[in-house]
Amino acid sequence: MKNLPVFLMGCGGVGRQLLQHIVSCRSLHAKQGLHLRVVGVCDSKSLVVVADVLSAEFDDSFLLEVCRVKSNGSSLQTLANSGVCQVFSGPEVIRKVIDIGLLGKSTGLAFVDCSASAETIGVLNQVVDFGCCVVLANKKPLTVPMEDYDKLVSQPRRLRHESTVGAGLPVITSLNRIISSGDPVYRIIGSLSGTLGYVMSEVEDGKPFSQVVNAAESLGYTEPDPRDDLGGMDVARKALILARLLGRRLNLDNMKIESLYPEEMGPDVMPLEDFLVNGLPLLDQKIEDRIKQASANGNVLRYVCLIDDARCEVGIQEVPKDSALGRLRGSDNVVEIYSRCYEKQPLVIQGAGAGNDTTATGVLADILDIQDLFP
């Protein structure tokens with residue numbers, strides 16, 4: 001039985017779902033000759049870790065208790081009296097995490113980042129130097145300035161990040177296989193936001209933009225402030241990750257990013273309730289006019305990322321009605337990859353591209369994929 005030690009950063013929805021998947025898949029992994037040994041879990045403020053990272057692990061009942069505590073909004077510090085872990089908080093957390101990474105230099109250790117924080121970037125760059133493996137659902141470490149990015153990807157075999165683009169969809173894996181085979185990719189276009197995919201397909205049916213966004217917000221499809229989705233930054237990060245895989249040396253500030261609301265309606269200017277009630281209706285006519293123009297051209301509108309030799313941008317584009325993007329409905333993600341071998345008919349990857357369960361499944365698959373790197 002191969003034991004693979006795992007350290008989890010981020011215990012939000014995706015992190016908790018990952019821990020639950022690890023527990024529920026014990027018998028399956030045992031049949032595959034693998035045991036995932038969770039040695040530590042941290043959030044932005046606290047860390048719980050086993051007494052001996054080299055040999056000990058948290059049992060499944062403790063992992064489920066971690067999930068329960070965090071889902072209730074409590075701190076990991078409430079587990080201090082459990083008797084099965086050491087608890088650290090504040091500035092001690094980062095120092096202890098780096099100490100754990102040092103142990104991974106000789107034993108192998110998978111650092112899994114399911115946070116949405118930029119504060120993990122410095123830690124990840126250090127543990128990569130120590131010889132640890134890194135698995136990411138967090139997009140921010142891959143969208144830092146190129147100097148830090150180069151360091152993180154300096155040992156590509158020790159890095160997995162499928163869930164940073166398209167949740168559990170095999171977008172990164174497929175793209176890497178094409179690139180590695182020497183088949184040059186010259187264009188990628190995709191709808192990489194379930195929220196914006198839903199919004200654009202609903203307004204296509206004639207519903208006002210403001211009504212659709214408010215419905216998406218009430219259904220929980222958007223971030224608490226829908227402008228976090230409508231601004232396009234999440235899609236831009238995903239596009240940048242794909243562009244850098246193609247060798248494009250770009251930063252976020254090199255990209256054209258179309259926001260679906262003007263600056264004067266931004267979070268720093270207009271309160272959320274004011275935006276939802278008074279701001280959004282002012283945008284309806286412009287979106288309706290663009291839909292009519294696209295329809296007159298035989299096309300439909302989609303909010304997409306577009307990457308080719310000259311561009312890396314995100315925003316509203318007209319796409320043919322009969323294309324994979326044009327047929328897209330609801331909150332699915334779709335990516336079309338054009339290369340020498342996929343010139344006339346692109347490789348199309350489509351499916352659920354969001355959700356804690358789907359994303360955590362992709363992270364777990366990435367963890368399993370690195371097992372052959374461990375002794």
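Computation of the quantities below employed the complete heavy-atom set of this structure, encompassing side-chain atoms and omitting hydrogens, waters and symmetry-equivalent molecules. Keep in mind that this is a model prediction, so the values were computed, not measured.
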Does atom [atom1] ([X]) have a neighbourhood of more than 12 heavy atoms from anything else shown, all under 6.0 Å?
| X | atom1 | result |
| --- | --- | --- |
| Glu119 | CD | no |
| Leu368 | CG | yes |
| Arg177 | CZ | no |

Counterpart residues, side chain to side chain donor-acceptor pair (under 3.5 Å), relative to [X] (two or more places apart):
| X | answer |
| --- | --- |
| Arg227 | Asp225 |
| Asn254 | none |
| Asp113 | Ser115, Thr120, Asn138 |

Does a donor on one side chain sit under 3.5 Å from an acceptor on the other, for [X] and [Y]?
| X | Y | value |
| --- | --- | --- |
| Thr222 | Glu217 | no |
| Asn333 | Gln350 | no |
| Asp52 | Ser55 | yes |
| Ser181 | Asp183 | no |
| Asp289 | Gln293 | no |

Exactly one of Asp366, Leu18, Leu8 should register a side chain to side chain contact (heavy atoms under 4.5 Å, CB included) with Val135. Which one does?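 Per the side chain to side chain contact (heavy atoms under 4.5 Å, CB included) rule, the option paired with Val135 is Asp366, out of Asp366, Leu18, Leu8.
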With a 3.5 Å distance limit and no angle check, can you tell me whether [X] reaches the backbone of [Y] through a side-chain donor-acceptor pair?
| X | Y | result |
| --- | --- | --- |
| Lys238 | Leu192 | yes |
| Arg237 | Leu252 | no |
| Thr78 | Ser75 | yes |

With a 4.5 Å limit on heavy-atom distance, are the side chains of [X] and [Y] in contact?
| X | Y | answer |
| --- | --- | --- |
| Arg158 | Ile370 | no |
| Val39 | Val6 | no |
| Leu301 | Glu318 | yes |
| Met9 | Cys114 | no |
| Lys207 | Glu288 | no |

Under a 4.0 Å threshold between the charged nitrogen and the carboxylate oxygen, would Arg249 count as salt-bridged to Asp150?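 The answer is yes: the pair qualifies as a salt bridge.
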Return the orientation label for the Tyr186 and Tyr338 ring planes: parallel under 30°, perpendicular over 60°, tilted otherwise.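 Because their plane-to-plane angle lies in the 30° to 60° range, the rings of Tyr186 and Tyr338 count as tilted.
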Once the angle between the rings of Tyr221 and Tyr198 is folded into 0 to 90°, is it parallel (under 30°), tilted (30 to 60°) or perpendicular (over 60°)?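 Taking Tyr198 first and then Tyr221, their aromatic rings stand perpendicular (interplane angle over 60°).
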I need the single residue from His29, Lys2, Glu57 that forms a side-chain hydrogen bond (donor to acceptor under 3.5 Å, both in side chains) with His35. Which is it?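 With His35 as partner, side-chain hydrogen bond (donor to acceptor under 3.5 Å, both in side chains) holds for just one option, Glu57.
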Please round to the nearest 0.5 Å and tell me the distance separating atom CZ of Phe275 and atom OG of Ser210.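 That separation rounds to 10.0 Å.
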